[in-house]
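Chain identifiers are assigned alphabetically (A, B, ...) following the order of the sequence lines, protein sequences preceding nucleic acid strands; residue numbering begins at 1 within each chain.
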Amino acid sequence: QQQVKQSPQSLIVQKGGISIINCAYENTAFDYFPWYQQFPGKGPALLIAIRPDVSEKKEGRFTISFNKSAKQFSLHIMDSQPGDSATYFCAASTSYTGGGNKLTFGTGTQLKVEL
Amino acid sequence: DAGVIQSPRHEVTEMGQEVTLRCKPISGHDYLFWYRQTMMRGLELLIYFNNNVPIDDSGMPEDRFSAKMPNASFSTLKIQPSEPRDSAVYFCASSFDIGGYTFGSGTRLTVV
C-alpha cells in the first residue's frame with residue numbers, strides 16, 4: 001500500500017535528448033509527489049514537486065506529468081545535459097492524519113547523459 | 001542557513017563498537033528524519049520525529065539502533081554494538097509542515 005515503484009533503474013541519454021523517468025503508486029491518500037536529485041557523495045536535493053490538483057508542472061527544463069486516474073507520475077528532463085547525470089528519486093507522501101510528513105521513496109534511477 | 005549539518009562525514013569502526021551519528025536540522029523545521037542508503041535497499045526510513053517526539057520508529061532494524069532528539073536543534077542515531085552489515089550512508093533530513101525535505105550530506109559508516 002505504501003510502495004512507490006520507479007523505472008527504469010538506469011538510463012543513458014544523449015546530450016540534448018529527453019530523459020523520462022516513471023513512477024507509480026498504490027496509496028490513493030498520497031497527495032504530494034516530489035522528485036529528488038542526488039549527486040555522488042551528496043544527499044538528495046529537492047528538484048521539483050507536484051500536488052494532484054494539477055496534471056503538469058514545469059520548472060525550467062524539468063517537468064512533472066501527473067496522471068491521477070492511473071496513479072502514475074513522471075519526470076521529463078528536456079535538453080538533457082551532462083551535468084544532469086545523477087540519481088533521481090521519486091517520492092510520495094500524504095497530509096492525511098497519521099501520514100505525518102513521511103515520504104515514501106522510489107528505488108532511484110541512475111541517469112547518465114553522454115556527449 | 002547552513003542547511004542540515006551531519007557529523008562525522010566518514011566513520012570507520014570495528015565490529016562491536018558503539019557508533020554515534022549526529023544531526024543539526026534547519027532552524028524552524030519541526031520534522032526530522034533519519035534514513036539509511038545502501039545499493040541493495042535504496043533509501044530506507046529508520047525513524048522520524050515531530051517537534052522532538054519520535055513518531056514512527058518502525059524502520060529501525062534492531063534494538064541495536066536507537067535515536068534521540070533532546071531538543072529542536074540536535075538529534076543522534078546510535079548503533080551499539082555495530083556490525084559489518086550496518087555499513088551504509090546515513091542521512092538526516094528536516095522539513096517543516098508538509099513539504100520537501102532538506103537532506104544533510106550524510107555520514108558514510110564502515111564497520112570492519
Give, for atom CZ of Phe105(A) and atom CD of Gln37(B), the distance between the pair rounded to the nearest 0.5 Å.
9.5 Å

Which distance, rounded to the nearest 0.5 Å, do you find between the NZ of Lys102(A) and the CG of Asp56(B)?
4.0 Å

Check for a donor-acceptor pair, side chain of Tyr101(B) on one end and backbone N or O of Pro44(A) on the other, with a separation under 3.5 Å.
no

Report whether [X] and [Y] are members of the same hydrophobic cluster (ILVMFWY, side-chain heavy atoms less than 4.5 Å apart, transitive linking).
X: Leu21(B); Y: Val4(B); answer: no
X: Val13(A); Y: Ile20(A); answer: no
X: Ile50(A); Y: Phe30(A); answer: yes
X: Leu46(A); Y: Tyr31(B); answer: yes
X: Val89(B); Y: Val19(B); answer: no

Using non-hydrogen atoms and a 4.5 Å limit, figure out which bit of Arg41(B) sits close to chain A: side chain, backbone, both or neither.
neither

Give the minimum heavy-atom separation between Leu103(A) and Tyr35(B), together with the two atoms involved.
O-OH, 3.1 Å

